[in-house]
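Note sheet for the following structure.
Values below: all heavy atoms of this structure, side chains included; hydrogens, waters and symmetry mates excluded.
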Amino acid sequence: MKYLLAVFDMDGTILNTIDDLGGCCNVILEKHGYPTHTIEEYKYFVGNGIPKLIERALPAGTVPEIHKKILAEYIEYYSLHSADKTAPYDGIVECIKKLRAAGVKVAVNTNKVQAAAEVLCKKYFPGCFDIIAGFKDGIPPKPAPDGINAILKSEKIERENACYIGDSDVDFLCGKNSGLDFIGVDWGFRGEKFLREHGAKTVVKTADELFNVLIG
C-alpha cells in the first residue's frame with residue numbers, strides 16, 4: 001500500500017459545491033445592492049476560505065465593517081442552503097469506501113466552516129471519514145498546514161505515509177507546506193492545465209484512477 005492516510009480537500013475535490021457557494025453569495029450581494037458574479041468567476045474566488053471569498057466578491061475598497069456584515073449574513077444563509085445543488089463527484093463515494101476497505105485512513109481538510117463541513121460529510125459521506133478538519137477561529141486557513149498537521153497528529157501517521165488531494169493551487173501549496181505528496185484532480189474547479197502550471201506533478205482524471213494511485 002502506497003499511503004496510510006489520504007486527506008481530501010472538499011470543494012471541487014469530493015463535492016461539486018460551486019453552484020451553492022456562488023449562488024448563496026449572489027443572494028447576499030443582491031440583497032445589499034452589490035454586483036453579482038458568474039459561477040465561472042466564483043471558481044477562482046473560492047479556495048482561501050469564506051472571508052477571502054467575500055472579499056473577492058465585494059467591490060474593491062469595501063470597508064471592513066461592511067465585509068464583516070456580509071460575511072456573517074453569508075455564513076448564516078449558506079448554512080441553510082449548502083446542499084441545494086451540491087453533489088459528490090462521479091465515483092468519489094465509492095473510491096473513499098474502497099480506500100477504507102483497503103485499510104487506508106481518510107480525512108477532510110477544508111477551508112469551509114467546520115459546522116458546514118460536518119453537515120455535508122454527514123449528508124453525502126456518512127461514516128466515511130476518520131476526521132474532518134474545517135475552518136475554525138484561531139486556525140489559519142489553507143494553504144497554512146495547521147489543519148493537516150492536526151490530522152497527522154490525531155491519526156499518528158508520519159508525513160511520508162500521507163498525501164493531500166485537491167483541485168486548486170491553494171491545495172497544492174497546502175500539501176507542499178505540510179510536506180505531503182500532492183495529487184490533483186482534473187474534475188474540480190480549476191482543471192489539469194491550471195494545476196500543472198501551478199506545480200502539480202500528479203493529476204488524475206477519474207476517481208478510479210485516484211484509487212489506483214493511492215493504493216500504488
Check your understanding: For Lys142, which of Asp11, Asp169, Asp171 qualifies under salt bridge (charged side-chain N to carboxylate O under 4.0 Å, His left out)?
Key -> Asp171

Point to revise | Shortest non-hydrogen separation from His81 to Cys24 and the atoms involved | key: CB-SG, 3.7 Å

**Study point:** Criterion side-chain contact (heavy atoms from CB on, under 4.5 Å) against Ile14, the qualifying member of Val106, Asp9, Ile165, Ile92
**Key:** Ile92

Counting only pairs under 3.5 Å, give me each side-chain donor-acceptor contact of residues 59-71, with atom names and distances, residues two or more places apart or in other chains.
| residue | atom | partner | partner atom | Å |
| --- | --- | --- | --- | --- |
| Thr62 | OG1 | Pro59 | O | 2.6 |
| His67 | NE2 | Pro51 | O | 2.9 |
| Lys69 | NZ | Glu73 | OE2 | 3.2 |

Revision key, fill the gap. Checking Asp20, Asn16, Thr17 against Thr86 for side-chain hydrogen bond (donor to acceptor under 3.5 Å, both in side chains), the one that qualifies is Asp20

Check your understanding: Is it true that a side-chain atom of Asn177 and a backbone atom of Leu173 form a donor plus acceptor pair closer than 3.5 Å?
Key -> yes

Revision key, fill the gap. Taking every heavy atom of Asp167 against every heavy atom of Gly12, the minimum-distance pair comes out as CB-O, 3.3 Å

Check your understanding: Just by distance, do the side chain of Arg196 and the backbone of Lys201 share a donor-acceptor pair under 3.5 Å?
Key -> yes

Review point. When the ring centroid of Tyr77 is compared with that of Tyr74, is the distance short of 6.0 Å?
Key: no

Study note, to complete from the structure: residues 143-174 vs ring pair (Phe, Tyr, Trp, His ring centres under 6.0 Å), sequence neighbours excluded, gives Phe172-Phe182

Practice item. Could you pull out the closest heavy-atom pair between Val7 and Val108, with the gap in Å? Key: CG1-C, 4.3 Å

Exercise for review: Determine yes or no for a side-chain-to-main-chain donor-acceptor pair under 3.5 angstrom, with Asp130 supplying the side chain and Ala107 the backbone.
Suggested key: no

Exercise for review: Let me see the working for Val46 and Ile18 under side-chain contact (heavy atoms from CB on, under 4.5 Å), right down to the final yes or no.
Suggested key: CA-CA 9 Å; Val46 300; Ile18 197 64; 4.2 Å; yes

Review point. Which other residues belong to the hydrophobic cluster containing Phe194, where Ile, Leu, Val, Met, Phe, Trp and Tyr are joined when side-chain heavy atoms lie under 4.5 Å apart, directly or via other members?
Key: Tyr44

Review point. What orientation do Phe129 and Phe8 show, parallel under 30°, tilted 30 to 60°, or perpendicular over 60°?
Key: perpendicular

